[in-house]
*Asks:* 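Below is a structure I'd like to ask you about.
Keep in mind the model is a prediction, meaning the values are calculated, not measured.
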Amino acid sequence: MESYLRVRLQVQSVSNPKYRGTIHCFQSIIKQESTLGLYKGVGSPMMGLTFINALVFGVQGNTIRYLSKDTPLNQFLAGAAAGSIQCVICCPMELAKTRLQLQGTGEYKSKSKNYKNSLDCLVKIYRKEGLRGINRGMVTTFLRETPSFGFYFLTYDYLTRYIGCEINDKFIIPKLLFAGGMSGIVSWLSTYPIDVIKSRLQADGIGGVNHYNGIMDCVRKSYKEEGWRVFSRGLTSTLLRAFPVNAATFATVTMFLMYMRGENDLPECEAGPAIQQPNSM
């Protein structure tokens, strides 16, 4: 639902804006498209989210082991490696989600429903535009995900060390939730302007009209028409979601790894995959 609000706010026309802000966008969608309108495109992230999380944490953990030393720089590099690799799945998934979320905007029952679901969307894009169409926005996705996941894991690692996540600490779960939530916020803040450009490029071409010739053209035109504020469109709804979602994700992964490895092997609590390096401190 958050991503739906974010995309709508990011790509709306400045000359004819439909929404005044996050709350107005939320209210308008429910009024015009019913509550179900908030869940357009939800099938796409649901199909790939579990696999993406497994890939991200797996690559991050293996990269830390390969680098052999658990340092802040290596935490960042391991996170960046994980973020870059998952772009192959993330980009087409977000493309389908964006296209589905924008079709039938403002209609209670979409009269021009081009796509039935995420798979149908990707198939039709492939038939019309080939692999290039499926990977629309890949460069911006890479530019967003690589540093974003670097800061994601670096922040979590730093906070768990700073606030002292000890296994026998009765407040360990609240501490893990806090560290995970803050990691999500830092991650989004670090590359959010790039996400705005990515959304605009992936939404470009809907209706058969292309407005941008590439990344820099999109940046120039967006800034010229709307000023610097364009690069923070939808940020409020994104941050409201980022804290609870990432708090739950990191806490769950960390507690699961602690349970699987056993308390005796874990002298202290670190970021999920970094737990496999208990002697690196």
Side-chain angles (χ1 to χ4, degrees), residues 1-13 18 25 29 32-56 82-107 109-146 148-149 188 191-192 194-212 214-215 218 233-234 237-238 241-242 245 249:
M1 181 175 70
E2 169 277 327
S3 63
Y4 190 24
L5 299 178
R6 170 166 54 86
V7 169
R8 286 284 182 97
L9 289 168
Q10 287 176 340
V11 305
Q12 70 173 342
S13 170
K18 295 179 179 292
C25 180
I29 291 172
Q32 298 171 358
E33 304 173 41
S34 80
T35 304
L36 294 177
L38 295 169
Y39 297 94
K40 282 184 179 179
V42 72
S44 180
M46 284 183 68
M47 286 192 301
L49 189 58
T50 301
F51 182 72
I52 285 178
N53 281 333
L55 180 64
V56 165
S84 63
I85 289 176
Q86 60 98 39
C87 288
V88 178
I89 303 170
C90 180
C91 180
M93 185 182 77
E94 292 194 356
L95 174 64
K97 181 183 68 174
T98 298
R99 293 296 178 90
L100 286 167
Q101 288 173 341
L102 293 176
Q103 73 173 355
T105 301
E107 299 177 2
K109 288 186 177 180
S110 180
K111 299 175 183 178
S112 54
K113 195 171 183 179
N114 297 319
Y115 312 117
K116 299 176 182 177
N117 50 51
S118 301
L119 183 60
D120 179 61
C121 177
L122 292 175
V123 169
K124 287 183 177 178
I125 292 175
Y126 176 76
R127 288 175 178 172
K128 185 177 180 180
E129 304 176 48
L131 284 175
R132 185 173 182 177
I134 291 293
N135 293 303
R136 179 187 289 267
M138 179 63 77
V139 175
T140 46
T141 301
F142 178 82
L143 293 175
R144 181 194 68 179
E145 299 293 80
T146 302
S148 175
F149 273 90
W188 271 108
T191 57
Y192 191 79
I194 301 176
D195 183 67
V196 175
I197 300 304
K198 181 200 72 70
S199 294
R200 292 194 163 205
L201 289 173
Q202 290 187 329
D204 196 33
I206 293 178
V209 180
N210 289 296
H211 300 284
Y212 309 116
I215 297 173
C218 180
R233 279 179 178 264
S237 61
T238 299
R241 172 186 176 273
V245 168
T249 299

*Asks:* With a 4.0 Å cut-off, would you call Asp204 and Arg200 a salt bridge?
*Replies:*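 Salt bridge flag = no for Arg200 with Asp204.
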
*Asks:* Could you grab the distance from atom NZ of Lys198 to atom CD1 of Ile215, nearest 0.5 Å is fine?
*Replies:*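 Lys198 atom NZ to Ile215 atom CD1 measures 12.0 Å (nearest 0.5 Å).
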
*Asks:* Determine whether Cys91 and Gln202 make a side-chain contact, defined as any pair of heavy atoms from C-beta on separated by less than 4.5 Å.
*Replies:*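 A side-chain contact under 4.5 Å exists here.
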
*Asks:* To the nearest 0.5 Å, tell me how far Glu145 CD sits from Met138 CE.
*Replies:*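 One finds 10.5 Å between CD of Glu145 and CE of Met138.
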
*Asks:* Hey, are the side chains of Arg136 and Ile125 touching, using non-hydrogen atoms and a 4.5 Å cut-off?
*Replies:*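 The answer is no, as the side chains (C-beta and beyond) never meet within the 4.5 Å cut-off.
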
*Asks:* Would you compute the distance between atom CG of Leu100 and atom CG of Asp120 and round it to the nearest 0.5 angstrom?
*Replies:*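 Nearest 0.5 Å value for the CG-CG distance: 8.5 Å.
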
*Asks:* Between Tyr115 (side chain) and Leu122 (backbone), is there a donor-acceptor pair under 3.5 Å?
*Replies:*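 No.
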
*Asks:* Report yes if the side chains of Asp195 and Trp188 come closer than 4.5 Å at any heavy-atom pair, otherwise no.
*Replies:*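 Yes, at least one pair of side-chain atoms sits under 4.5 Å.
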
*Asks:* Once you round to the nearest 0.5 Å, how far does CZ of Arg99 lie from NZ of Lys124?
*Replies:*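 The distance works out to 12.5 Å.
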
*Asks:* Can you tell me how far CG of Leu95 sits from SG of Cys90, rounded to the nearest 0.5 angstrom?
*Replies:*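 Here the rounded value is 11.0 Å.
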
*Asks:* Minimum heavy-atom separation for Cys87 and Phe142, please, with both atom names.
*Replies:*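 The answer is SG-CA, 3.5 Å.
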
*Asks:* Where do Cys121 and Ala96 come nearest, in terms of heavy atoms and distance?
*Replies:*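 Scanning both residues completely, I find the closest heavy atoms to be SG-CA, 3.9 Å.
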
*Asks:* Let me confirm one number: the OG1-CE distance from Thr98 to Met93, rounded to the nearest 0.5 Å.
*Replies:*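 It is 10.0 Å, given to the nearest 0.5 Å.
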
*Asks:* Return yes if some donor-acceptor pair links the side-chain N/O of Gln86 with the main-chain N/O of Gly83 below 3.5 Å, else return no.
*Replies:*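 A pair under 3.5 Å: yes.
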
*Asks:* If every non-hydrogen atom of Leu201 is compared with every non-hydrogen atom of Thr140, which pair is closest and at what distance?
*Replies:*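 Scanning both residues completely, I find the closest heavy atoms to be CD1-CG2, 3.8 Å.
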
